[in-house]
Amino acid sequence: ASLARIAATDSKVGAFLTLNEENARNEAAALDAQLAQGGERGLLFGIPAGIKDNIVTEGLRTTCGSKFLDNYDPIYDATVVTKLRAAQSITVGKLNMDEFAMGGSNENSAYHPVRNPWALDRVPGGSSGGSAAAVAAGQAYFTLGSDTGGSIRQPAAYCGVVGLKPTYGLVSRFGLVAFASSLDQIGPITKNVEDSAYVLQAIAGHDGRDSTSAKVDIPDYLSALTGDVKGLKIGVPKEYMGKGIDPQVKERVLEALKVFESMGAQWEEISLPHTDYAVASYYLLASSEASSNLSRFDGVRYGVRADNPANLLDLYRRSRSEGFGPEVKRRIMLGTYALSSGYYDAYYKKAQQVRTLIKRDFDQAFEKYDLIIGPTAPTAAFKIGEQVGDPLTMYLNDICTIPVSLAGVPAISIPCGTADGLPVGLQIIGKHFDETTVLRAAHAFE
Ligand code: GLN
């Protein structure tokens with residue numbers, strides 16, 4: 001059904017970069033055979049899934065949405081892929097994305113843009129635009145995305161599906177091609193909250209191959225979905241509800257808060273005073289880490305190599321000039337500048353200090369509140385081409401998701417109605433490693 005749906009719709013949506021058709025059919029047949037012999041069903045038995053194309057899959061092309069990795073067939077599976085296999089899910093293909101996960105509209109894919117299944121002239125969001133659109137279009141029953149500054153939550157909001165960014169460290173990054181290592185997290189995109197809990201259950205947990213993987217006990221996420229939110233205290237940051245937020249989006253969030261109230265939760269307005277500095281701090285830190293992480297793409301070790309290089313420097317220079325797209329180059333240049341000697345203290349170090357202040361805002365709020373709720377993004381999905389020439393406007397779309405990433409706390413985006421017929425996302429943010437409360441509230445609302 002999944003493969004048929006992809007065949008029928010993906011020429012319009014453009015969510016997939018590579019299909020895994022033959023293997024998927026074989027795996028499905030093998031699972032059937034196992035079951036016939038009395039084998040047990042895994043947690044995700046036979047469920048067709050799509051994987052964002054920055055998560056490596058053994059023998060299955062992994063491009064990161066970049067021409068640089070057009071010919072890259074990884075020789076190992078990411079830990080999340082191994083875990084999905086153990087849960088008996090079936091990978092149907094690899095999903096389109098902004099190149100190296102840099103972007104918020106999927107227009108930075110070096111292959112083709114993804115279209116929002118709700119309105120084909122609109123962006124699906126990004127960078128996990130393929131992952132969100134595939135679920136919205138019914139092509140896969142869940143997908144994995146990655147979120148560095150909003151890339152799971154914002155496309156989930158634009159496509160009317162559920163996207164969860166787990167606490168930093170809960171899900172292994174081993175095999176996730178690094179963009180900004182101190183921020184990157186893998187998480188599920190699903191049709192509903194229960195599915196999100198299932199997939200999180202399958203992929204969470206400590207991994208010795210990721211040095212930032214947390215050693216925490218993994219709770220039973222499914223049994224947390226009790227429907228009960230009585231007595232929960234919710235803070236609503238005024239900075240997420242003010243200037244720049246579309247009035248219809250704000251209205252939908254206020255309506256959602258009324259629903260929580262009717263279920264016995266309480267909410268009040270709070271302040272996260274350093275929110276204004278989050279976007280600037282994020283773009284410095286993420287670009288700095290990216291400039292360092294992407295130095296491995298030199299035309300020697302991975303992917304595409306420039307033809308007939310005159311010497312080693314020419315090989316590096318031309319492979320990188322030809323292989324990377326404009327947004328990736330912009331970030332590498334920004335990041336290299338911010339890290340260069342003489343500027344490091346003024347930019348990178350300052351941005352790290354601001355990050356600490358932002359994290360403190362959250363710590364203080366969570367002393368008093370169980371959850372923080374606001375919009376996922378200031379607007380619904382915009383038109384393809386509308387912001388592509390204006391990186392600063394594009395960066396500002398992340399204002400409600402970036403602070404959460406800098407603080408490392410978990411957050412989910414769930415659908416909460418529409419604005420001019422387009423889906424609006426509600427963002428529910430929790431304490432470190434308190435995915436259970438986030439999922440419980442999201443599920444009760446849904
Ligand atoms: N839009 C943000 C950026 O371009 C977030 C990307 C992400 O989370 N991967 O950096």
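Start at 1 and go down the list; that is how both ligands and their atoms are numbered. As the structure is a prediction and not an experimental result, all values here were calculated from the model. Just so you know, residue 1 is the first one in the sequence shown, and it goes up from there.
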Exercise. Is a side-chain donor-acceptor pair under 3.5 Å present for Gln154 with Asn397?
Worked result: no
For this session: Flag the pair Phe174 / Tyr76 as yes when their ring centroid distance falls below 6.0 Å, and as no otherwise.
Result: yes
Exercise. Among protein heavy atoms, which lies nearest atom 2 (C) of ligand 1, and at what distance?
Worked result: Asp398 OD2, 3.1 Å
For this session: Return a yes/no value for Gly103: is any of its N or O atoms, backbone included, closer than 3.5 angstrom to an N or O of ligand 1?
Result: yes
Exercise. Please state which protein non-hydrogen atom is closest to atom 7 (C) of ligand 1 and give its distance, to 0.1 Å?
Worked result: Ser151 OG, 2.4 Å
For this session: Please determine if Met102 has a nitrogen or oxygen closer than 3.5 Å to a nitrogen or oxygen of ligand 1.
Result: no
Seminar exercise, completed: If you scan protein heavy atoms around atom 3 (C) of ligand 1, the nearest is Tyr283 OH, 3.3 Å
Problem set entry | Heteroatom distance test (Asp147, ligand 1): nitrogen or oxygen, under 3.5 angstrom | no
Exercise. Quick one: does Phe179 get an N or O within less than 3.5 Å of an N or O on ligand 1?
Worked result: no
Problem set entry | Close approach of Glu327 to ligand 1, heavy atoms, under 4.0 angstrom | no
Exercise. Are any of the N/O atoms in Lys52 less than 3.5 Å from those in ligand 1?
Worked result: no
Exercise. How about Tyr302 and Phe297: are their ring centres within less than 6.0 Å of each other?
Worked result: yes
For this session: Name the closest protein heavy atom to atom 10 (O) of ligand 1, giving the residue it belongs to and the distance to 0.1 Å.
Result: Tyr282 OH, 2.7 Å
